[in-house]
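Take a look at the structure set out below.
Count residues from 1 along the sequence.
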Amino acid sequence: MNDYVKYGLIGALVVVLILMWRRGLLKQLGDYVVETREELKKCTWPSVHELKGSTVAVMITLALLGAFTVGVDVVVSYVIRFILG
């Protein structure tokens, strides 16, 4: 990129930030971040053991769903090949 493009992008970013500040959007964004942090402090996070168990359960479920999808695909393709000859 040449310097004019870089300066143009920086200028556009400054204009956007000024417009957001004038409309109060930066304050709203800051309030949102503060409120989100407060809410996340109230959450209970799983222990490492619980997380490992959940991960294994998800992996097994995905493997079963994948096997089911492949099985249905094979059966449907055989039926379509039989019908079309």
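In this structure the side chain of Leu13 never reaches within 4.5 angstrom of the side chain of Leu9, judged on heavy atoms. Side-chain contact between Val33 and Arg37 is present, with at least one heavy-atom pair separated by less than 4.5 Å. The shortest side-chain heavy-atom distance between Val76 and Ile80 falls under the 4.5 Å cut-off.
Across all their heavy atoms, Leu26 and Leu17 have their closest contact at CD1-O, 3.8 Å. What you find for Thr55 and Leu51 is that their closest heavy atoms are OG1-O, 2.7 Å.
Residues forming a side chain to side chain donor-acceptor pair (under 3.5 Å) with Lys27 (at least two apart in sequence, or on another chain): Asp31. The side-chain contact (heavy atoms from CB on, under 4.5 Å) search around Val70 returns Val74, not counting sequence neighbours. Remark: Thr69 engages Leu65 in a side-chain contact (heavy atoms from CB on, under 4.5 Å) (not counting sequence neighbours). Residues passing the side chain to side chain donor-acceptor pair (under 3.5 Å) test with Glu38: none are found, sequence neighbours excluded. Scanning for side chain to side chain donor-acceptor pair (under 3.5 Å) contacts around Lys42 gives Glu39, with sequence neighbours left out. Remark: Leu40 engages Thr36, Cys43, Trp45 in a side-chain contact (heavy atoms from CB on, under 4.5 Å) (not counting sequence neighbours).
Following chains of ILVMFWY side-chain contacts shorter than 4.5 Å, one cannot reach Ile18 starting from Val16, and the two form parts of different hydrophobic clusters.
Paired with Leu62 under the rule side-chain contact (heavy atoms from CB on, under 4.5 Å), one option of Ile60, Leu64, Val58 passes, and it is Val58.
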